[in-house]
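A note on names: the letters A, B, ... follow the listed sequences, proteins ahead of strands, and every chain is numbered from 1. From a predicted model like this one, the values you see are computed outputs, not experimental measurements.
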Amino acid sequence: MGDVLHARALARAKVRARRKRVTLIRRRTFWFSMAVFAVAWAVIFAQMVGGHDPALANKKKARPQPVVEHRQAHARPVRHHVRRRHHHHHHTAPAPTNTTTSSSTPAPAPTATPAPTPTPAPVTPAPAPAPAPAPVTTSQS
Amino acid sequence: MTLLALTNPSSHLFWITSRAAGTASLVLASMSVTVGLMIGGKLMQGRGRGGDLRALHEALALGALAALALHGISLLGDPYLHPGVAGIAIPFAGRYRPLWTGLGIVGGWGLAVLGLSYYARDKFGADRWRALHRFTVLFWALGVIHSIGSGTDARARWYLIVLVLLVVPPLVMLPARLASGDRRRAERRQPRPRPGSATGANSLAR
């Protein structure tokens, strides 16, 4: 009888010790999780404050717009051509040397214009395979 | 001025919280998977070790799920991304990198279902639950892919170091775990020799 009681007490003590160990493991894991989160938060925050955040640093790099526009213009020759034509229209007289007017529109007589001013040659001659219809409005207006 | 506005962290608190929670979730889930593989492959044997490892595995998994929930919920408050409930809960429904985010959502749901089903394993059988629980590794792998594909910090050096440290142990242990599982299955299939039979006598003699 005494042995049985002793065995039961021993088993209870073992179960109690086991629960204590599990509780300790859970508690430590909880604090470890909190620490991991806090460290990650601090690192990301410091990165952002220091201006080294991966996402925001990319945005900052992308801010110089003119370079991007220039590259895009070279990548799309048709759009580049149209924008150039608008530019000529506003600042200089329409140059008769320009041959990209569409055939459907009546081209103005070149004799009416004074001597053509030497227009700056484009840096990259981007021959448009199919001229855009935009010049129609510019030549008539 | 624009630089200051871009790097002003007070306007990105939800975003920072989500990123930190995602990182914490990945750390804890990877550790949980590692410990789970150690339990399954019986890589750490000893008196009381199994119970301790199981408690650690469970605590890490619960921590990972809590961080995962925070990772998604905190994104709801982000004014820039503004994903909405559908964007964080339904795979491939969001507008921000739908493929990578969708894989992450699938992984998250998989981890949640397979992890929390532990508490209902008596309802559909422990063996069946164990068989399903093995697929947790796949969902964890989806989470890793999600972190590489759509993680903001995926290109940061510190993140890559952490990622390698977390991903390598499970990847190394997974083949060992699969091999031990195959071995155990093969042993189970073999009929037990009778004590009186010749093979049984031989085996006993050995």
* To do: Can you tell which part of Leu62(B) gets under 4.5 Å to a heavy atom of chain A, answering side chain, backbone, both or neither?
  => neither
* To do: Go through the atoms of Val39(A) and report whether side chain, backbone, both or neither lie under 4.5 Å from a heavy atom of chain B.
  => neither
* Asked: Can you tell me how far the CG atom of Leu13(B) sits from the CE atom of Met48(A), to the nearest 0.5 Å?
  -> 9.0 Å
* **Atom CH2 of Trp109(B) with >12 non-hydrogen neighbours under 6.0 angstrom** => no
* With a 4.5 angstrom heavy-atom cut-off, could you sort out which part of Ser33(A) is near chain B: side chain, backbone, both or neither? => both
* **Arg134(B), CZ atom: more than 12 neighbouring heavy atoms under 6.0 Å** => yes
* Answer with side chain, backbone, both or neither: which region of Ala67(B) has an atom nearer than 4.5 Å to a non-hydrogen atom of chain A? => neither
* Asked: In terms of heavy-atom pairs under 4.5 Å with chain B, which of Val22(A), Leu24(A), Thr29(A) leads?
  -> Thr29(A)
* Assess whether atom CZ of Arg128(B) is packed by more than 12 heavy atoms of other residues, nucleotides or ligands within 6.0 Å. => no
* Structure fact -> When the 4.5 angstrom heavy-atom criterion is applied to Leu28(B) and chain A, the contacting part is side chain
* Taking atom OH of Tyr96(B) as the centre, report whether more than 12 heavy atoms of other residues, nucleotides or ligands fall under 6.0 Å from it. => yes
* To do: Inspect the surroundings of CH2 in Trp15(B) and state if more than 12 heavy atoms from other residues, nucleotides or ligands are less than 6.0 Å away.
  => yes
* Asked: Should Trp41(A) and Thr23(B) count as side-chain neighbours, where that means a heavy-atom distance under 4.5 Å?
  -> no
* Gly51(B) backbone acceptor or donor facing Arg18(A) side chain under 3.5 Å -> yes
* Please look at Thr17(B) and chain A and tell me whether the side chain, the backbone, both or neither of the residue comes under 4.5 angstrom of a heavy atom of that chain. => both
* To do: Against chain B, label Phe30(A) side chain, backbone, both or neither, depending on which of its atoms sit under 4.5 Å from a heavy atom there.
  => neither
